[in-house]
Amino acid sequence: MVEATANNPLLEPWTGPFEAPPFERLSPEHFMPAFEKALTENRAEIDAIAANPEPPSFENTIAALERSGQALDRVSSVFFNLAGADTNDALEAIERDIAPILSRHRSETYLNEALFQRVEALQAQSATLGLNAEQARVLERYHIAFVRNGGGLPPDSKARLAAIGERLATLGTQFGQNVLADEKAYMLVLEGPDDLAGLPESLVAAAAGTAADRGLPGKHVITLARSSIELFLQFSARRDLREKAFRAWASRGESGGATDNRAIAGEMVQLRAERAKLLGYETFAHFRLADRMAKTPEAVRDLLQSVWTPARARALREEEALQTMVVAEGGNFTVAPWDWRYYAEKRRKAEFDLDESETKPYLQLDKLIEAVFYVANRLFGLSSSERKDVPLYHRDARSWTVTRADGSPVALFIGDYFARPSKHSGAWMSSFRDQQKLDGEVLPIVVNVLNFAKAPEGEACLLSFDDARTLFHEFGHGLHGMLSNVTYPLISGTSVAQDFVEFPSQLYEHWLEQPEILRKFAVHHLTGEPMPEALLQKVLAARQFNQGFATVEYTASALVDLDLHLDPDPQNIDILGFEKQALEKIGMPQTIVMRHRTPHFQHIFSGDGYSSGYYSYLWSEILDADGFDAFEEHGDIFDPATARKLHDYVYSAGYSRDPEEAYKGFRGRAPTPAALLRKRGLVET
Ligand SMILES: [Zn+2]
């Protein structure tokens with residue numbers, strides 16, 4: 001252990017290109033000793049701040065807290081990025097060990113009474129401390145964080161909160177690892193040409209590549225990665241195989257074996273309810289939402305319900321249309337969840353003359369990466385250049401330096417685009433270092449992790465339109481991290497309210513759908529020809545196609561998440577029974593399954609992230625739909641004045657303002673939900 005500390009790249013200054021982590025020198029055994037050293041160091045810093053004999057000042061308390069824990073931040077960010085994007089047995093074991101230790105450390109900080117008293121005293125005199133706006137905001141956020149973590153509570157409540165935190169950290173880690181294990185364990189092996197019936201060439205090629213990677217050269221393998229399974233369900237003419245694959249996908253986390261998540265989810269819901277009660281809230285949802293833009297569970301339910309009713313009606317009409325197609329084909333069965341995507345695809349072809357395999361050759365990953373940078377250039381004057389000199393953690397990851405118009409560097413951007421067994425499913429943005437300038441400018445290192453099916457060697461990686469949208473989405477988050485321009489780390493970049501954080505990312509998706517962008521970047525991977533105008537118009541015309549299904553799939557998950565966390569006393573909750581009941585209550589169509597069923601609902605159980613917060617995407621959609629209108633009202637999707645406000649109030653502002661205020665600063669008024677309903681096609685116009 002001594003040796004590992006003495007010669008540990010995690011604890012040395014990083015002097016390579018962009019001062020990026022020295023990935024090429026890292027191995028799993030470096031993490032535990034580095035964590036231990038960083039934790040000890042941070043503990044001493046916190047104790048010194050709490051025990052300072054001087055009366056509390058912003059500088060000796062808040063700024064000192066902001067300056068503390070730098071080694072811990074560095075080690076944690078490298079570790080958790082790897083644990084998400086390129087894990088292995090050794091990292092998983094460390095993750096299980098470190099999660100409760102980090103939770104305990106966090107509790108010790110927030111439950112430190114002397115420290116809380118200093119923050120409390122400062123907040124009480126905030127107006128007379130001569131703070132600038134950002135400092136006042138940082139102090140307020142610290143005060144809120146201390147109170148919401150149990151500052152000021154009696155010792156026995158504090159002890160219980162700390163124990164709950166530790167247990168939740170352990171359970172959340174296990175939950176995510178179990179989902180990954182179930183996904184890794186499953187392969188649908190397609191044996192001969194019959195098994196490939198209906199599949200487009202690009203999927204066949206990707207499935208062949210996956211098979212080769214998994215040691216089955218010459219065969220074809222479909223995995224539970226969204227980019228693999230969804231396409232399979234969309235195109236496979238083999239109803240039996242669709243059913244088989246769909247059942248495996250929908251039942252991740254309920255295998256009944258060592259990776260079963262039902263009891264874990266139940267215990268987490270129960271512990272969260274207890275935590276909320278200790279903190280003086282009726283339920284966990286009340287606790288969670290009090291510090292969100294939405295503020296109350298009622299506001300969230302109102303929004304979800306206002307979308308649910310028209311979306312459900314629309315989904316039932318869609319279902320009818322699919323059933324008609326089944327019958328017309330001579331099918332003697334009722335549409336089942338594994339049929340929906342297949343017949344929807346046929347219907348898209350019939351009604352819009354649009355076939356997804358027709359658009360795919362025009363949606364190349366490399367060109368769309370150019371497109372996300374192009375939009376950033378037009379909006380914010382950013383340029384990018386790919387680097388080959390930065391060592392990264394996986395050979396598939398790529399990096400770019402992003403610079404402003406005057407050539408000054410903004411950030412290092414890492415793109416890690418392909419699915420692999422060592423990567424958790426989903427798509428996310430994260431960072432290896434956050435922007436701040438407390439003691440000189442620190443430039444961020446931002447990463448986008450996606451799960452696209454990798455094309456065989458030498459071939460272009462082709463995306464579905466949904467994949468392309470995800471690429472823009474995550475890059476929108478990425479810009480929120482890269483353009484951050486604040487002094488204090490606490491409020492840097494994407495550290496904003498959960499129901500605001502999807503605004504910059506979802507807003508960015510709008511540019512993908514602009515003819516100007518598609519004409520430029522949707523070019524055929526073999527011929528280089530732009531997408532034919534007729535096809536482009538069909539793509540745009542079909543945007544609201546199947547939106548009943550998509551909205552129902554999503555909103556059902558958001559409602560179950562809300563209900564689970566609105567139970568004031570969920571003792572021994574039977575997760576699947578609860579889910580079933582909640583879905584019956586809202587009249588869930590039999591043919592649609594929640595986008596994330598409870599036993600693999602990683603947003604809300606793999607860590608704390610979106611618990612009682614899955615509604616955030618829809619909440620933010622009010623903002624993005626209304627916000628994009630600001631550009632359209634000016635008749636220019638890159639209108640410079642609007643882009644400037646967007647930059648100043650949103651992308652560069654971190655959490656320096658209340659989200660409502662930030663939005664109004666950008667838009668000149670509060671948001672209205674009209675644009676959201678129009679965008680989803682949920683109002684008759
Ligand atoms: Zn997002």
Side-chain angles (χ1 to χ4, degrees), residues 96 99-100 103 157 160-179 181-182 250-290 292 294 296-298 300-301 304-305 308 498 553-588 592-616:
R96 289 191 296 272
S103 170
S157 301
R160 183 61 192 147
L161 280 174
I164 290 173
E166 268 180 59
R167 181 72 184 146
L168 280 172
T170 298
L171 293 169
T173 303
Q174 193 63 57
F175 190 97
Q177 292 188 356
N178 286 346
V179 176
D182 279 7
S251 63
R252 285 168 294 155
E254 47 177 303
S255 62
T259 58
D260 197 292
N261 272 335
R262 284 173 283 187
I264 292 177
E267 191 181 344
M268 289 181 81
V269 169
Q270 192 173 328
L271 289 170
R272 285 171 179 166
E274 189 187 346
R275 169 191 269 179
K277 233 172 241 160
L278 285 167
L279 291 164
Y281 290 86
E282 207 177 324
T283 70
F284 182 76
H286 287 86
F287 163 66
R288 211 359 108 76
L289 295 169
R292 295 287 186 263
T296 64
E298 292 71 31
V300 172
R301 190 178 300 283
L304 293 174
Q305 202 61 49
W308 174 259
Q498 199 94 62
E553 208 195 16
Y554 162 82
T555 310
S557 295
L559 282 164
V560 168
D561 166 38
L562 181 66
D563 278 350
L564 271 172
H565 294 108
L566 265 178
D567 192 331
D569 191 23
Q571 295 291 329
N572 306 317
I573 193 167
D574 160 21
I575 283 291
L576 290 187
F578 187 98
E579 178 185 296
K580 189 160 175 276
Q581 240 181 2
L583 294 174
E584 272 166 14
K585 210 169 65 188
I586 56 173
M588 181 75 167
I592 303 179
V593 170
M594 292 163 71
R595 186 167 172 89
H596 307 282
R597 295 201 49 236
T598 316
H600 54 256
F601 202 162
Q602 301 196 73
H603 287 82
I604 68 170
F605 289 118
S606 181
D608 226 15
Y610 283 71
S611 49
S612 192
Y614 193 62
Y615 77 94
S616 298

Side-chain touch Leu168/Arg275, heavy atoms, less than 4.5 angstrom: yes

From OG (Ser251) to CG (Leu576), nearest 0.5 Å: 10.0 Å

Point-to-point distance, once rounded to the nearest 0.5 Å, from CG of Leu279 to CG of Leu161: 5.0 Å

Trace of the salt bridge (Lys or Arg N to Asp or Glu O under 4.0 Å) decision for Arg160 with Glu274: CA-CA 9 Å; Arg160 183 61 192 147; Glu274 189 187 346; 2.6 Å; yes

From Asp561 atom CG to Ser616 atom OG, the distance as rounded to the nearest 0.5 Å: 8.5 Å

Parallel, tilted or perpendicular: rings of Tyr554 and Tyr614 (30°, 60°): tilted

Approximate separation, where rounding is to 0.5 Å, of Leu564 CG and Leu566 CG: 9.5 Å

Note, Glu298 side chain near His286 side chain (heavy atom, < 4.5 Å): yes

Aromatic ring pairing His603/Phe601, orientation class (parallel under 30°, perpendicular over 60°, tilted between): perpendicular

More than 12 heavy atoms from other groups under 6.0 Å of CD on Gln305: yes

Any side-chain heavy-atom pair of Phe605 and Ile264 under 4.5 Å: no

Residues Arg597, Glu254: salt bridge by 4.0 Å N-O rule: yes

Arg288 and His565: side chain donor to acceptor below 3.5 Å: no

Side-chain heavy-atom pair Gln498, Arg292 within 4.5 angstrom cut-off: yes

Any donor-acceptor N or O pair under 3.5 Å, side chains Arg96, Thr170: no

Approximate separation, where rounding is to 0.5 Å, of Ile592 CD1 and Glu553 CD: 7.5 Å

Residue pair Leu289 / Thr296, side-chain heavy-atom distance below 4.5 Å: no

4.5 Å side-chain heavy-atom contact, Asp260 and Pro599: no

Identified side-chain hydrogen bond (donor to acceptor under 3.5 Å, both in side chains) counterpart of Asn178 within the set Thr173, Thr259, Asn261: Asn261

N-O pairing of Arg301 and Asp563 below 4.0 Å: yes

Interatomic distance, Thr555 atom OG1 to Met594 atom CE [nearest 0.5 angstrom]: 11.0 Å

Side chains of Phe284 and Ser611 in contact at under 4.5 Å (non-hydrogen atoms): yes

Under 3.5 Å side-chain donor-acceptor pair for Glu579 and Thr598: yes

Sidechain-backbone polar pair: His600 side chain, Arg252 backbone, donor-acceptor under 3.5 Å: yes

